Q: 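One structure follows; several queries about it will come next.
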Amino acid sequence: MLPRDQEGETISVWVRDPKVQKEDWHSYVDYEICVHTNSMCFTLKTSCVRRRFREFVWLRQKLQSNAVLTQLPELPPRIPFFKISNSQNLEHRVRGLQEFLNKVLHCSVLLSDSRLHLFLQTQLSTEEIDACASGKTEYSVFEAIHKFANSNRRFPAEEEEKTSHYLDPES
């Protein structure tokens, strides 16, 4: 649990439950991220999403580009997939991702980045997060968090056609 200020705001984040996902000819591991908070910075007070390592890399790059003068924490090193099946390597990765998020959530400059909130509280893809944070969607960050937070996957297949125009404001 992270204390936020003297008024008792807290943000708790857990990275857990790594799972191997198979996608066509390759596999990857994703991780459950759960947030529980009473902080006014967050739209939802509890949320759980699944993210893969490359999405954490994307988030770190975006946060760094938005907060140039802020020293961002490092992510754990990349691990080849055949080595990630080793439970010790996997546990090290989970701890490293947890430490990264704990440090990010402790920095008020980073807490103001809407991409962080979309990353933690929606299942939007990184492209959809960028579009939403840039105002290129028909929904606001607040609406995205409420609409897409409870989905355990990306946009449902039946909604793909409806939502694909969110990335192109000219549609």
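Treat the numbers as computed from the prediction; the structure is a model and nothing was measured. Just so you know, residue 1 is the first one in the sequence shown, and it goes up from there.
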Q: Please report the interatomic distance NE2(H36) to CG(L44), rounded to the nearest 0.5 Å.
A: 12.5 Å
Q: Which pairs, with at least one residue in residues 31-49 and sequence neighbours excluded, count as a salt bridge (Lys or Arg N to Asp or Glu O under 4.0 Å)?
A: R16-E32
Q: Please tell me if the side chains of L97 and P76 come closer than 4.5 Å, counting only heavy atoms from C-beta onward.
A: yes
Q: Nearest 0.5 Å please: distance from the OG atom of S134 over to the CD1 atom of I129.
A: 11.5 Å
Q: Is there a path of hydrophobic side-chain contacts, each under 4.5 Å between heavy atoms of I/L/V/M/F/W/Y residues, joining L101 to W14?
A: no
Q: Please check this pair: side chain of E128 against backbone of Q123, looking for a donor-acceptor N/O pair closer than 3.5 Å.
A: no
Q: Which residues pass the salt bridge (charged side-chain N to carboxylate O under 4.0 Å, His left out) test with E143, sequence neighbours left out?
A: none
Q: Could you tell me if the side chain of P77 sits less than 4.5 Å from the side chain of H92, heavy atoms only?
A: yes
Q: Using side-chain contact (heavy atoms from CB on, under 4.5 Å) as the criterion, list what pairs up with E23, not counting sequence neighbours.
A: H26, Y28, R52
Q: Can you tell me if T122 uses its side chain to pair, donor with acceptor, with the backbone of L124 under 3.5 Å?
A: yes
Q: Hey, does the side chain of S65 reach the backbone of K62 with a donor-acceptor pair shorter than 3.5 angstrom?
A: yes
Q: Evaluate the side-chain proximity of R93 to N89: yes if any heavy-atom separation is below 4.5 Å, no if none is.
A: no
Q: Scan for salt bridge (Lys or Arg N to Asp or Glu O under 4.0 Å) pairs involving residues 105-117, sequence neighbours excluded, and state none if there are none.
A: D113-R115, R115-D130
Q: Could you see if I33 belongs to whatever hydrophobic cluster contains L90? Use Ile, Leu, Val, Met, Phe, Trp, Tyr and a side-chain cutoff under 4.5 Å.
A: yes
Q: Could you check if a side-chain atom of Y139 sits within less than 4.5 angstrom of a side-chain atom of K147, using non-hydrogen atoms only?
A: no
Q: Tell me, please, which residues at least two apart from Q61 pass side-chain hydrogen bond (donor to acceptor under 3.5 Å, both in side chains).
A: none
Q: What residues form a side-chain contact (heavy atoms from CB on, under 4.5 Å) with V94, not counting sequence neighbours?
A: V15, P18, Y31
Q: Would a distance-only check, ignoring hydrogens and angles, find a side-chain to backbone donor-acceptor pair under 3.5 Å from D30 to R50?
A: no
Q: Which is it for L72 and L110 under the side chain to side chain contact (heavy atoms under 4.5 Å, CB included) test, yes or no, and what are the steps along the way?
A: CA-CA 9 Å; L72 259 77; L110 301 176; 4.0 Å; yes
Q: Please walk me through it: do E91 and R95 pass salt bridge (Lys or Arg N to Asp or Glu O under 4.0 Å)?
A: CA-CA 6 Å; E91 183 56 36; R95 276 194 315 272; 3.7 Å; yes
Q: Hey, quick one: are L120 and V109 part of the same hydrophobic cluster, counting side-chain heavy atoms closer than 4.5 Å, chains of contacts allowed?
A: no
Q: Output all residues satisfying ring-ring contact (aromatic ring centres under 6.0 Å, His included) with F56, sequence neighbours left out; order by chain, then residue number.
A: F119
Q: Working note: I11 + L111, criterion side chain to side chain contact (heavy atoms under 4.5 Å, CB included); need CA distance, chi angles, decisive distance, verdict.
A: CA-CA 11 Å; I11 303 171; L111 275 175; 4.1 Å; yes
Q: Less than 4.5 Å apart, any side-chain heavy atom of V104 and any of P73?
A: yes
Q: Among residues at least two apart in sequence or on other chains, which ones pass side-chain contact (heavy atoms from CB on, under 4.5 Å) with T43?
A: Q121, F142, I145, H146
Q: From L118 CG over to T126 OG1, what is the distance, rounded to the nearest 0.5 angstrom?
A: 11.5 Å
Q: Would you list the pairs meeting salt bridge (Lys or Arg N to Asp or Glu O under 4.0 Å) in which at least one residue belongs to residues 69-78, sequence neighbours left out?
A: R60-E74
Q: Applying ring-ring contact (aromatic ring centres under 6.0 Å, His included), name anything that partners F42, two or more places apart in sequence or on another chain.
A: H117
Q: With a 4.5 Å heavy-atom cut-off, do T70 and C107 have their side chains touching?
A: yes
